[in-house]
Amino acid sequence: MSQPFRLNKEGLINRNKKISFTFNGKKLFGYEGDTIASALIANGIHLVGRSFKYHRPRGFFGAGVEEPNAKLQVEFNGHSEPNVNATEMELVEGLSATSQNCWPSVNFDVGAINNFLKMFFPAGFYYKTFMWPKSFWYKIYEPFIRKAAGLGVASIEKDKERYEHKFEYCDLLVTGSGPSGLASAYAAAKNGAKVILAEDKPRFGGTLLTDDVSIDNLSGKDWAEKIISELKSMPNVTVKNRSQVFGYYDHNMLVMFERVSDHLEKKSKFTPRQRLWYIRAKETILSTGSIERPIVFGNNDTPGIFLSAAAKEYMKVYGVLVGKKPLIFTNNDSAYETALEFKKNNVEPIILDTREEHSSELIDEAKSKGIDIRFSHGVIVANGYKKVKSAKIGKLNKDKNSFEKIETVDCDCICVSGFWTPSVHLASQSGNKLKYEEKIDAFIPDKKKQHETSVGAANGSFTLEESLKHGFENGSNLSAKITDTKTEIAIPNVNEKKYGAHDKFWCMPLPKNENSKRFVDFQNDVSVSDIEIALREGYRSIEHVKRYTTLGMATDQGRTSNLNGLQLVSNIENKIVPEVGHTTFRPPFTPITIGTIVGREVGMEYMPTRKTPMHEWHEKNNAVFVDAGAWKRPRYYKQGSETLFEASKREAKNVRENVGICDVTTLGKIDIKGPDAAEFLNRVYTNAWMKLPVGKARYGLMLREDGIVMDDGTTTRISENHYHMTTTTAQAANVLSHLEYYLQIVWPELNVNVVSTTEQWAGAAIAGPKSRDMLSKLYTDLDVSNDALPFMGYKEAEFFGVPSRIFRISFSGELAYEINVKSDHGIFMWEKMMEVGKEFGNQPYGTEALSTLRIEMGHVAGPELDGRTIPSDVSLNGLVSKKKDFIGKNSLGREAFNVESRQKIVGLIPIDRKSSIPEGSHIVQDQNAKLPNPKLGHVSSSCWSVENNNPFSLAIMKDGKNMIGKKFFAVSPLKNKSIEVEVISSHYVDPEGKRVRS
Amino acid sequence: MLYIKCPYCGLRAQKEFSYGGDATVKRPNINEEVSSEDWDNFVYMRKSPRGKHIELWQHIAGCRQWIKVQRDTATHEIFQTAKVTEEIR
Ligand SMILES: [Zn+2]
């Protein structure tokens, strides 16, 4: 198991620890500190995937986030993840990686036929081809495209990993630990600021790890180490590696993605896999560095072609050679450092420099080391299918549009450099408009919109001296404004090589007989000819060219392709780049996992669960629960093999015949206090409230200002200036905000306070003809007769030694009471009721029986008060005062609310007295009418009437009251049902309301 | 995520607040005659300005006070916040 491309000594990897892994089933090994990419390259493997559109063989191109090709399906720690960037993922024991977007294998891919059919796949191919006929889209085109163009495969297993969210605040957030980032963080830390330093890679230092520089007589790497260890020792500094700040949002909120444990072999159960940080920073230093740009040439996507800085990083960080016969193809001096590094490792490179012969510090050094440099030269076409074998190179003429001489040279890799592009994504996301810097032919941040300052290469400063100086200055000045402390720091002495000017040249011309593809965007397979087609077809705006060709729209966000695309457009259009403009950067900068976005809010933690104090009792007694907002409410109590239908019928029947108890803790409860409380209620509710005596409850209806019913409930006058309001479970929070709105904003002169007491009280309803008998056993010392405690009466009394409130109110339409005790006593109350109620046949009942009881009584609830009904629609106009003003009153006079044919609540029974009517059914005259069949109304609530032993529904129907006695059809296309129904009164049981008063 | 200065609690994340619409709308007085045109304007008609806008927010997960926020609807910049009893000019 030798690693033919591993250097003997170079690199920052741990050679004492071998790590085994597999790639496409083949067992390989690397070292601790390797990425999947560096380990594969060390093993001489370059072919890792197939391209998106043409299925061309692809290899590694970069060494970090800029990588457009090497996206793998990776399995480790028991899960499978698609589209993992091989240049970023650290090697861990047992990891298994496979190529994606290829079938049946990366070496033999059937889809590669697309490559030979490429004349049929020009820009806009999908737009043009899959237009017609329409029916083909779902059945043929889409499945085909999905299959052919898929990247990885998302796992369908449940993600067992733990993900976390964290909220953090700091004075200064520094994004990137290259020289300028380190300097900024250090200066701010010395001023006492709270600093967070975030580095995307596992190792701190950025370019200091690979550049041949020295700072204060230390190597770049050693200086970075020294600064980092000092920062780590400071209590006001948080230093984070493997942490990518990927989004810059409003009000200086930045979001960071931390890879906590994927690189660890063992971790505790509670260690999260990844963590999302929401960081609110007072100031932000954007020290995100720059990314090398390629030069475009024929077949430039062949495996074995690298960015020149990536080749250097593989040597210096990982001790890996990307090839042993390198061609260095450049328009600037930085690639000479890569050539010198090869030379240092006894590999002989050839440098092809597009510039005319000249001299600079680096060129002179390369010359003195005997490196073969060919000026005015460039690569025309790379030869080789699955790996570069040779290259056709040419000597450019003076205008650089044709060749004076063409020859073929052998090589096993090509390292290309087209100069540097500042990483301005975070600045752009913050709202910074960016400006074009002629000197470096790239965009840099312009006027700041938020508290962000770009330094170093991200700001277009490509020398170490300048980067450090800007870093120290900005870190110090920005933090001093916050901490009021300024510590003087001597700017260190720097030794670095001076670069000459770069060549403004990014795309090699093709000789006449040559027509190989020149790729601009590797990940989306966008070539020079695609961009030419888009322009020829009339696309001018860069945003349109981008969408038509998909240039820069892949997951790498065009990091290596955007500017080359812009240059190309500007050359063809004869414009300068800033006139062409640039496309918008959007978060996230790098793909992040869905798990991290979701965090801990999954499963039971998706939202809080509200349980009543009696919850455990319900559980023990076979309650089947239903969600009511965040609350869990018993829907029914299952006995034996009962179905929902059987159980709810039994429970409801028992209430009608004996007595039942229901947990009503979830009802919203609002305590209202103050001398103006009565006046306030009088304005909030549609009915009169000024004369409600102490010790009495009243049913009330509240509207929105547009006249629509908002909520209903009872409110009880506890004492002179103290009321207890109940709301429906669903509207509790909205009603409280509504009351607060009017008290704080509209009528601040009213002396009233409101507070939610929903959580403070446990509530149980006792309903049924035997409820008074049962109550008398619960309160043996209290007179509970109809005279002493009449309908809508209220009493306070001890419940077996515990203070309690008794309300004689009814939702079921039966003689009923609601008892409230403090939450802590809820279970005590409930168990006592079960015990005492035995002799009366008491049974608990759930929400399903509760619904049955209220529906057959014609009592409205949420399905009728659905945000579209006014009081008269639901037969509650008796509660609307004509004398006084209240919220929403003025709207009730609107014309549409008062037309004769206005919708009204009605009851429906099936003609056959058997078929239950699905809720949501539409009421139509003729079930066979031509579509669209005119809709006369809809079914809002349905039940099986236990009183009459047949189905019954409530419906909201046009001109409802005049329809009584007529027959219609209730149709539900969803349930595929059409049921003939008769319209009757909505009050199906006890229409006079005698029972509640009995 | 916006960072909103509650006049009672200080700077808090947007998560703690709930939006309440245009703060400059004044409800017609209770018990006073109002033309249906004025009423309709109050209930339904709202401007949707691009730029400065004074709006109501409620600090629902905090002090539960309704507050005024002057915000740029395009850039989300917040210029000023105030109690509802205070004026924003
Ligand atoms: Zn507050």
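Residue numbering restarts at 1 for every chain, and letters A, B, ... go by the order of the sequence lines. Both backbone and side-chain heavy atoms feed into the values below; hydrogens, waters and symmetry mates do not.
When each of A:Asn252, A:Val255, A:Val746, A:Leu736 is scored by its heavy-atom pairs under 4.5 Å with chain B, the top score falls to A:Leu736. Between chain A and the residues B:Asp40, B:Val34, B:Thr85, the largest count of heavy-atom pairs under 4.5 Å involves B:Asp40. The most heavy-atom pairs under 4.5 Å with chain B, out of A:Arg894, A:Lys889, A:Gln744, come from A:Gln744. Heavy-atom pairs under 4.5 Å with chain B were tallied for A:Gly431, A:Ala733, A:Ser891; the largest tally goes to A:Ser891. Ranked by heavy-atom pairs shorter than 4.5 Å toward chain A, the options B:Ile30, B:Leu11, B:Asn29, B:Val84 are led by B:Ile30.
A:Glu605 and A:Arg600 are not joined by a salt bridge, as no carboxylate oxygen comes within less than 4.0 angstrom of a charged side-chain nitrogen.
With A:Phe257 as the aromatic partner, A:Arg275 does not meet the cation-pi criteria of under 6.0 angstrom to the ring centre and within 45 degrees of the ring axis.
In this structure, chain A has no heavy atom under 4.5 Å from any part of B:Ala23. At a 4.5 Å heavy-atom cutoff, the contact between B:Trp39 and chain A is made by side-chain atoms alone. With a 4.5 angstrom heavy-atom cutoff, A:Arg704 does not touch chain B via any of its atoms. Residue contact with chain B, scored on non-hydrogen atoms closer than 4.5 Å, involves the side chain of A:Phe167 exclusively. Both the backbone and the side chain of B:Gln65 come within contact range of chain A, judged by heavy atoms closer than 4.5 Å. The contact between B:Ile60 and chain A is made entirely by side chain atoms (from C-beta outward), counting heavy-atom distances below 4.5 Å. Contact annotation for B:Thr75: only backbone heavy atoms (N, CA, C, O) come within less than 4.5 Å of a heavy atom of chain A. With a 4.5 angstrom heavy-atom cutoff, B:Lys68 does not touch chain A via any of its atoms.
Around the NZ atom of A:Lys673, the shell of radius 6.0 Å holds no more than 12 heavy atoms that belong to other residues, nucleotides or ligands. Atom OH of A:Tyr606 has 12 or fewer neighbouring heavy atoms from other residues, nucleotides or ligands inside a 6.0 Å radius.
Although no hydrogens or angles enter the test, the distance criterion places no donor-acceptor pair under 3.5 Å between the side chain of A:Ser737 and the main chain of A:Asn734. Looking only at distances, a side-chain donor or acceptor of A:Asp171 sits under 3.5 Å from a matching main-chain atom of A:Lys194.
Using a 30° and 60° split on the angle between ring planes, A:His425 and A:Phe589 fall in the parallel class, below 30°. Using cut-offs of 30° and 60° on the angle between ring planes, the pair A:Tyr685 and A:Trp689 is parallel. Between B:Phe17 and B:His59, the two ring planes are parallel [angle under 30°; tilted spans 30° to 60°].
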